[in-house]
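Let me begin by presenting the structure, written as structure tokens, before commenting on it.
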Amino acid sequence: MTTESIISIKDVTKRFPVGGGEFTALHKINLEFETGEFSGLIGPSGSGKTTLLNIMGSLDTPTEGQAIVMGKDISKLTHKQSALLRNMHLGFVFQVYNLLPVYTVFENVEFSLLLQNWSAAERKKMVMESLEWVGLQDIADKKPAKLSGGEGQRVAIARAMVKRPEIVLADEPTANLDAANAHTIIQTMKRLSHELKTTFIFSTHDEKVMGYLDRIISLEDGKVKKEQQVEAKFSLS
Amino acid sequence: MKLAFILAYKNLIGAGLRTWLNVGILSFAFVLIIFYNGILDGWNDQARRDTIDWEIGQGQISFNQYDPFDPFTVMDGHGVLPEKDRKGLVPVLLRQGTIYPEGRMLSVMIKGIDAGQTALKLPTHLLTESDADIPVIIGKRMAKSARLKKGDEVLIRWRDDKGTYDASSVTVEGVFDCNVSAVDQGQVWMSIDKLWEMTGLKDHTTYSIITDGKINKVADGWNYSSREDLLSDLTRMIAMKQKSSSIMYGLLLTIALLAIFDTQVLSIFRRQKEIGTYIALGMTRMRVVWLFTVEGTMYSFLATVVGCVYGIPFFIYMSKAGMGMPEANQEMGIVVAERIFPVYSAGLILSTVALVIISATVVSFLPSRKIAKMNPVDALKGKMQ
């Protein structure tokens, strides 16, 4: 693992208007993430995990402080620059997969590449390679409705990885999966992180996920309660 | 642009029945607009052609005291056109009269015309070929209302140049079939030489029909009316009909567009997570707005394709078979053929396609603008109201 900081969170506070007042989701958070890290944000519901993930994914901006992703202060990015950052450097894996229902597995994975204007031949090669990583090359023509939960999430991983992003942000990626699928998914991500030097940041409650993490950041009431480097319980099978 | 079309196409096809319902109603509106306008254009085309061929020729020169809309001017509304000005003209003299078929009394307009003329389609050659003392020709409507047929004799009464009544029998030498009721209903056509002889109005004409359309100067006391002047009432009437019918198909198009608008609003509400995903994957919000707009616009493209599938055979059939018109229409003084053959011009089709596409684009863009204001986090959670 290198020591280069790929994400830098400096005094980040995020407040949301609620009713007539405000709710503080994050309070003066300071964190650094390095290239190739496999780390997770844990904590109870409402602790600010998803909010922090959204800010790191430039889907949201901090109310105060700075979130610097790939050297860019996301508060200062225009909509277009922010979209470009997500398209070129960030991958997302969502709890409910968020696959586009009318597209096939192949087309779902291909989507990010279409935005990057790759040629059809290059797209096909990259998509099939990505599906191979997650072991789904044989179901490329299926629609998401025909997939099991585990398969759906693996497609989502392939979609996030197909463009070789530097960072993948995964929001509760195993929450809807059984234990066996959860292990498969997290192992797949761990392997890709290792092979492609991709930084993975999770938000999770899942003990199984935590067992694979190199670093665990505990959040509570919008604050970092504990931050620890850990020895992974599970190794790559 | 290409990407938006590909994605929009996939989304539409993937949406299944909802898409085809919208496409169906829009294509129906599209086909109906073209069909109805084709009928009106066909009617216009036919009515103009028939009116030129049977009634007005290339224009008319009329005596200035004659007003075709005032029957009181017929009696004295005639004069002698200087001989030097008569070249290329077919003289017509109008006199009011009465016929007595089967003992009934019917007012008629006696029209004397140069029997050798070829400017109008009236079969005036029958008048020259006849051995009868006073041969006449009448139209089929006149024949029907007076219960006359070819070969019948009927008593006719008229007034001569001094206002004295005179009467004689005339022989129906032919019954012609034309769509212009103005040369048929209540009209009795005879040779102008015979009418001059009967009335003592030698060389008098009420109006003359222009055969070649080139008139340099009109003699004093006479008015020149071009072909377009004489067709202006017909043109105005059809234009008015087009406007009134546009309300009907405007309503139909509005219903189709409302369906698209409604689908777009519902889509944006239902597909928030999808919108959020597009943004998370790196699409700009404006690109998503564009995608949804193209999606809505594509209904009109699909409607055009679907409309062509059943519309083109239908239009081809209609333009060959025509559409039968009720007889009542033909007796209202409007030039309406028994069958109208619709005319589907490229201009009509292209302008209708453009109208449908532009309208669909506008109604698709309006709700899609909301996406530009969406917070992607809320969209991903499906929290937008």
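Source: prediction; values computed, not measured. Proteins come first, then strands; the chains are lettered A, B, ... in the order of their sequence lines, and each starts at number 1.
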Who wins among Lys163(A), Arg159(A), Met88(A) for the most heavy-atom pairs under 4.5 Å with chain B?
Arg159(A)
Any His79(A) side-chain heavy atom under 4.5 Å of Thr284(B) side chain
no
Atom CG of residue position Asn30(A) - does it have more than 12 heavy atoms of other residues, nucleotides or ligands inside 6.0 Å?
yes
Counting only heavy atoms not in Phe28(B), do more than 12 sit closer than 6.0 Å to its CZ atom?
no
Is any side-chain heavy atom of Leu7(B) less than 4.5 Å from a side-chain heavy atom of Tyr103(A)?
yes
Could you check whether any side-chain N or O of Asn87(A) sits under 3.5 Å from a backbone N or O of Leu281(B), counting only pairs where one atom can act as donor and the other as acceptor?
yes
To the nearest 0.5 Å, what is the distance between CG on Asn54(A) and CG on Leu380(B)?
7.0 Å
Against chain B, work out which of Lys143(A), Lys80(A), Gln116(A), Glu107(A) has the most heavy-atom pairs shorter than 4.5 Å and name it.
Glu107(A)
Portion of Asn98(A) that has a non-hydrogen atom of chain B nearer than 4.5 angstrom:
both
What's the spacing between Thr277(B) OG1 and Leu99(A) CG if we round to 0.5 Å?
8.5 Å
Compare all side-chain heavy atoms of Leu100(A) with those of Lys10(B) and state whether any distance is below 4.5 angstrom.
no
Against chain A, label Ile13(B) side chain, backbone, both or neither, depending on which of its atoms sit under 4.5 Å from a heavy atom there.
neither
Could you measure the distance from the CD atom of Gln95(A) to the NZ atom of Lys381(B)? Nearest 0.5 Å is fine.
11.5 Å
Of all of Lys273(B), Met283(B), Arg271(B), which one pairs up most often with chain A through heavy atoms under 4.5 Å apart?
Met283(B)
Could you tell me whether Tyr9(B) atom OH has more than 12 heavy atoms of other residues or ligands within 6.0 Å of it?
no
Is there a side-chain contact between Val102(A) and Glu274(B) in this structure, where contact means two heavy atoms from C-beta onward sitting under 4.5 Å apart?
no
